Amino acid sequence: MTRLNWGMIGGGEGSQIGPAHRLGAGLDGLFTFAAGALDHRPDAGRDYGRRLGLAPDRAYGDWREMLDGERNRPDRVDLVTVATPNATHFEITKAFLQAGFHVLCEKPMTITVEEGEEIVRLSRETGRICAVNYGYTGYSLVRHMRAMVARGDLGRVRLVVAEFAHGHHADAADADNPRVRWRYDPAQAGVSAQFADCGIHAMHMASFVTGQEVERLSADTASCIESRVLEDDAMVNFRMSGGTVGRLWTSSVAIGRQHGLTIQVFGEKGGLRWAQEQPNQLFYMPLGQRLQVIERGEAGLSPEADRSSRVTIGHAEGMPLAFANIYKDLAEAIRARAEGRAIDPAADLYPKAEDGLRSMAAVYAVAASGKAMGEWQDARPPMFR
Ligand code: NAI
């Protein structure tokens, strides 16, 4: 099987998320890192691209140069990852989809709901894949959770409780640091800060594991550091398409919490609990029985979990390997399209443009509800109402 060619925009030297993408895309030998426009400073991007092993003519200075350089090559990239700051996602993703490339876009996919709808339409019209990097859904045991819920192990799901609460912006003395301040400034961050940055991961995961969409929500948003215009903490109640009740807490002022993404699902017949900082164990509480600890890599797990686990049981797998599962899904999806066959259902789990759009609608609903003292809002994008 020949490798697919992969390109990246953003993710330059010193960036937060670039290395996890390069590790994830490279892990299974499915993609060759073939092209990139890695930095907002053209020379720094070209230089870093060459140091990472790109051919000099494919280490581009900016994304438009990359689009021009790649579009007519016979060995052009099969997939482009967009890992630039949020406000640029829409323009870059749109341009690459229009030119016929498959795209994996970082979250949030867009800044507005209207842009999100445009990307969904474009992806459908062009027949190109537009995935969104809710990479934590790549963890093997998150996929197993989803499989357990889908096959009815918990019965009807009554309640899903999600958290993404960390403490990295809790220092009031540091709140004016320009690297922190922009996140809470509407002119640069949009209508929401913490929910748009972290809360959407937790909300998407609630949908992913339950197989249900968020329909309505009510939010209490707060700026715990008073100088902030946008929220640094939010508590969101929501209702899902299958009747499940949702609770979500997100915060950036929860001192002592590091990453802080957790998900719990409670059904008629049992409960499940998983935490991103302890991703190799899934806690399963069947009604009336004792607590069971499910280990990643053990025998008898779902096909979805087996497909997304690589290292022997007892050795930790972490976030870059979760990202690698998104890339593994995408390689299968790209090949299935090229060969005109159906995708392996255990691989059809990568988050899609529709998920990115639903998140944007939820962001706006949270902002509106927060302003209106928790008034319930329709959380669905207009095109899905
Ligand atoms: P960062 O600020 O650490 O790095 C951004 C990189 O993009 C830099 O190398 C910069 O030079 C480059 N860049 C900026 N504008 C560019 C342009 N026009 N063309 C080419 N390169 C450009 O940002 P970070 O934290 O890596 O975040 C990037 C994106 O990834 C954001 O949208 C963020 O929300 C998302 N993210 C997603 C995570 C996830 O778990 N899925 C986790 C962290 C970030």
Side-chain angles (χ1 to χ4, degrees), residues 7-25 35-49 51-52 54 59-69 80-96 103-111 115-116 131-139 142 164 166 168-169 177-180 182-183 188-190 192-205 208 250 252 258-261 276-277 279 318-327 350-351 355-356 359-360 363:
M8 186 173 198
I9 300 163
E13 191 161 27
S15 67
Q16 188 188 171
I17 209 65
H21 279 282
R22 285 187 286 276
L23 287 167
L38 302 176
D39 203 288
H40 65 286
R41 299 158 301 169
D43 287 342
R46 286 191 196 100
D47 175 59
Y48 190 49
R51 279 190 280 130
L52 289 173
L54 294 179
Y60 297 99
D62 72 63
W63 66 266
R64 288 186 180 82
E65 193 183 307
M66 177 164 154
L67 187 60
D68 288 342
V80 178
T81 292
V82 179
T84 50
N86 304 354
T88 60
H89 292 175
F90 171 66
E91 186 184 26
I92 302 174
T93 297
K94 183 177 165 181
F96 276 84
V103 176
L104 170 60
C105 181
E106 261 305 344
K107 47 58 58 175
M109 184 174 80
T110 58
I111 298 293
E115 289 169 353
V132 183
N133 191 39
Y134 291 115
Y136 305 115
T137 60
Y139 279 103
V142 172
F164 198 155
H166 65 77
H168 299 300
H169 302 154
N177 172 341
R179 285 186 45 240
V180 176
W182 74 265
R183 297 168 183 275
Q188 295 180 71
S192 160
Q194 179 58 18
F195 183 79
D197 191 34
C198 294
I200 58 171
H201 274 293
M203 189 169 266
H204 176 260
M205 191 170 279
F208 183 81
T250 188
S252 66
Q258 294 303 334
H259 189 261
L261 174 64
Q276 202 276 150
E277 291 174 42
M319 183 261 240
L321 281 80
F323 279 26
N325 289 327
I326 305 293
Y327 281 97
Y350 65 90
D355 299 300
S359 297
M360 285 324 297
V363 165

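Every value quoted in this text rests on a predicted model; they were computed, and no experiment measured them. Note that ligands are numbered from 1 as they come in the structure, with each ligand's atoms numbered from 1 the same way. In this chain, numbering begins with 1 at the start of the sequence shown.
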Nearest heavy atoms of T93 and C105, plus distance in Å: OG1-SG, 3.5 Å
Return the orientation label for the H21 and F323 ring planes: parallel under 30°, perpendicular over 60°, tilted otherwise. tilted
Determine the interplanar angle of the H201 and Y136 rings, folded into 0 to 90°, and report it as parallel if under 30°, tilted if 30 to 60°, perpendicular if over 60°. perpendicular
Any side-chain heavy atom of E106 within less than 4.5 Å of one from V82? no
May I ask whether atom 2 (O) of ligand 1 is less than 4.0 Å from at least one protein heavy atom? no
How far is atom 42 (C) of ligand 1 from the closest protein heavy atom, and which atom is that? I17 CD1, 3.3 Å
Any atoms of ligand 1 less than 4.0 Å from a non-hydrogen atom of L38? List them with their elements. 9 (O), 12 (C), 21 (N)
Students often mix this up, so state it plainly: with edges at 30° and 60°, are the rings of H259 and F164 parallel, tilted or perpendicular? tilted
Counting each atom of ligand 1 from 1 as listed, which ones have a heavy atom of N86 under 4.0 Å away? 31 (C), 32 (O), 33 (C), 34 (O)
Any atom of ligand 1 sitting under 4.0 Å from a heavy atom of G11? yes
Output for pair (K94 NZ, E115 CD), nearest 0.5 Å, gives 9.0 Å
So is there a nitrogen or oxygen of I92 less than 3.5 Å from a nitrogen or oxygen in ligand 1? no
Minimal non-hydrogen separation, T250 against C198, with atom names: OG1-CB, 3.8 Å
If you look at every heavy atom in M360 and I111, which pair is closest and at what distance? CE-O, 3.2 Å
Is R64 paired with D68 through a side-chain N to carboxylate O contact shorter than 4.0 Å? no
min-distance protein heavy atom vs atom 20 (C) of ligand 1 -> A37 O, 3.4 Å
Distance filter under 4.0 Å to H89 heavy atoms, resulting ligand 1 atoms: 32 (O)
Check this for me - ligand 1, G12, N or O atoms closer than 3.5 angstrom, yes or no? yes
Closest approach of any protein heavy atom to atom 34 (O) of ligand 1, naming residue and atom: K107 O, 2.9 Å
Students should be able to answer this: which protein heavy-atom is nearest to atom 37 (C) of ligand 1, and at what distance? E106 OE1, 2.9 Å
Just jot down the ligand 1 atoms closer than 4.0 angstrom to any heavy atom of Y136, in number order. 40 (O)
If you scan protein heavy atoms around atom 39 (C) of ligand 1, the nearest is H201 NE2, 3.6 Å
T84, any N or O under 3.5 Å of ligand 1 N or O: yes
What do you reckon, does Q16 have a nitrogen or oxygen under 3.5 Å from a nitrogen or oxygen of ligand 1? yes
Using the rule salt bridge (Lys or Arg N to Asp or Glu O under 4.0 Å), only one of R41, R22, R51, R46 pairs with E13; which is it? R51
When distances are taken from atom 28 (C) of ligand 1, the protein heavy atom at minimum range is A83 O, 3.5 Å
What protein heavy atom sits nearest atom 18 (N) of ligand 1, and how far away is it? W63 CD1, 4.2 Å
How far is atom 22 (C) of ligand 1 from its nearest protein heavy atom, and which residue and atom is that? H40 N, 3.4 Å
Return the CG to CG distance between L104 and N133, rounded to the nearest 0.5 Å. 5.0 Å
Heavy-atom contacts with N133 under 4.0 Å: which atoms of ligand 1 show up? List them by number with element. 41 (N)
Quick check: closest heavy atoms across P351 and I326, and the distance to 0.1 Å? CD-CD1, 3.7 Å
Any nitrogen or oxygen of S15 lying under 3.5 Å from a nitrogen or oxygen in ligand 1? Just yes or no. no
